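When reading the values below, keep in mind they use all heavy atoms of this one structure, side chains included, and skip hydrogens, waters and symmetry mates. Bear in mind that the values here come from a model prediction, so they are computed numbers and not experimental data. Throughout, protein chains are lettered first and strands after them, A, B, ... in sequence-line order, and every chain is numbered starting at 1.
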Amino acid sequence: MQELVLNQPVSTARSELVREAAQADARREFEERLAECGPLAYRVAQGVLRNTADAEDVAQEALLRAYKSFERLRDRSRFRGWLVRISFRLALDRLRSAKRREQRDTLWSQPTHLPPPVTAEDVAASNQFQGHLERALEELPEKLRLVLLLSAMDGYTIEEIAAMVGVPIGTVKSRIFIARKKLAEKLRCYANTIKMR
Amino acid sequence: MLCKHYKDALIEAAASGVTPQRELRAHLAECASCREALAQEQSLFAAIDSGLHAVADMKVPPSLLPRVRAAVDEVAVAPPRWGSTWFALSGAAVAVALVLAGGIRHNDPRTPPTNTATIRPPVEQVIPGRRTPLSSAGLEREDLIPRLPVSVAGNSSSPGGLASSKSMPEVLVPRDQEVLLARYAQQWSSHKRAPLVAQGADEVSVKPLEVAPIQIAQLDVKLLTEDGSK
């Protein structure tokens, strides 16, 4: 009687070794990217959320997704741009949750009752200015906000920001300019710096 | 010229950080109020930039990277996702089903075995409606009957063995295969089964099984009842 024998091919074990070696290489490369871009992911998230714990959660989620998609993100510039965008998107999603919004509204409702400072110098010196700035930043359109946040971070040129966001350099410049003007418009009402005759 | 005319130019100059144009510079040279307004605007933008740096360049908590590494480790050692698991299970189920089907087919005397290492008797093709008793081919039943299950299935475990039948079985074959069957039976009866065994096959595995003749006890004849006679 013929026997049916299920033989495990030798190539299976070999392919398993090859797969493990590839995974180790990917892990090593990812570790490099993690050290380089991990802080960036956190800062983008923090710029949106302004909450350390939430920003850390978002950065972790973004980096984990980056690891899962690392095969197509091995290129350094591509990885950074993808990470910035996904961190920004995840942070916005978290910010939009109803519970967080309620907490945030409670938090931000306090400074508005305080009397506005008189001059720009006073605004800058005021402890409330940062809160007003962050609130104004939150009200910016998303495209402007991301570019402005990246431009405010140390170490990134306009060209790098353009590569990260995936838009031309001129677009980055114009977005930064428009964003700063919008922020100034919102904050000027507190400072009333322009006194025209 | 009124200072209101230079409002936008002042803001543009403060926002961009570039040197004001010649006309604005000339106005600023003679208008202290606009110089003060420009200074305030520049101060405002400086404060904005400073605040943005504070927002954007927050200190990264030292726990971030270890947390990410731990999460990546969990992902790396985690079992495959449900989709791939389901795919693997489905594949295994299909493989087991195929193996079982192959085993049943291999052991089924009614099914012609596909492996060349087994004997392929021509008696399996049964065509309903064309019943041709084997006896009509001039064969001796006692030679053929106990050996057919052995030659087909290679073991005696087949539940459909002819020797276990209560009545004398009939092997039905198409008319065009009667000659082949007769030749096959003659070879078995004369123990010349070598041509039917593929080369390389284990001789022991195809050794005919010796089956004792069927012992039929004394028949107990009963009369039919009236209901049964109906």
Would you say A/Glu139 has more than 12 foreign heavy atoms packed within less than 6.0 Å of its CD?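 Atom CD in A/Glu139 is crowded, with more than 12 foreign heavy atoms closer than 6.0 Å.
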Q: Mind ranking B/Pro61, B/Ala14, B/Ser50 by heavy-atom pairs under 4.5 Å with chain A and telling me who comes out on top?
A: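 Among B/Pro61, B/Ala14, B/Ser50, the one with the most close pairs to chain A is B/Pro61.
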Chain B contact via [X] - side chain, backbone, both or neither, heavy atoms under 4.5 Å:
{"X": "A/Leu183", "value": "both"}
{"X": "A/Leu137", "value": "side chain"}
{"X": "A/Glu61", "value": "neither"}

request  = Can you tell which part of B/Asp57 gets under 4.5 Å to a heavy atom of chain A, answering side chain, backbone, both or neither?
outcome  =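 Contact with chain A involves both backbone and side-chain atoms of B/Asp57.
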*Measure distances from B/Glu12 to the heavy atoms of chain A and classify the residue's part below 4.5 Å as side chain, backbone, both or neither.*
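Both the backbone and the side chain of B/Glu12 come within 4.5 Å of chain A.
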For [X] against [Y], the heavy-atom pair lying closest together:
{"X": "B/Ser16", "Y": "A/Arg180", "result": "N-NH1, 4.5 Å"}
{"X": "B/Ala15", "Y": "A/Lys181", "result": "CB-CG, 3.9 Å"}
{"X": "A/Gln130", "Y": "B/Ala54", "result": "NE2-CB, 3.8 Å"}
{"X": "B/Leu44", "Y": "A/Leu187", "result": "CD1-CB, 4.1 Å"}
{"X": "A/Gln60", "Y": "B/Leu64", "result": "N-CD1, 4.2 Å"}

Atom pair [atom1] ([X]) and [atom2] ([Y]), whose distance is rounded to the nearest 0.5 Å:
{"X": "A/Arg188", "Y": "B/Ile11", "atom1": "CZ", "atom2": "CD1", "answer": "4.0 Å"}
{"X": "B/Lys59", "Y": "A/Gln46", "atom1": "NZ", "atom2": "CD", "answer": "13.5 Å"}
{"X": "B/Met58", "Y": "A/Asn51", "atom1": "CE", "atom2": "CG", "answer": "9.5 Å"}
{"X": "A/Asp154", "Y": "B/His53", "atom1": "CG", "atom2": "NE2", "answer": "6.0 Å"}
{"X": "B/Arg69", "Y": "A/Phe30", "atom1": "CZ", "atom2": "CZ", "answer": "9.5 Å"}
{"X": "B/Leu52", "Y": "A/Leu149", "atom1": "CG", "atom2": "CG", "answer": "7.0 Å"}

Worksheet entry | Contact winner vs chain B - A/Leu64, A/Leu63, A/Leu40, heavy-atom pairs under 4.5 Å |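 Most pairs with chain B among the choices: A/Leu64.
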- Count the heavy-atom pairs under 4.5 Å between each of A/Ala55, A/Gly47, A/Gly38, A/Ala184 and chain B, then report the option with the highest count.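 Top option by heavy-atom pairs under 4.5 Å: A/Ala184.
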* Asked: A/Arg27 and B/Asp73: salt bridge (Lys or Arg N to Asp or Glu O under 4.0 Å), yes or no, with the steps?
  -> CA-CA 10 Å; A/Arg27 182 62 191 271; B/Asp73 286 340; 2.6 Å; yes
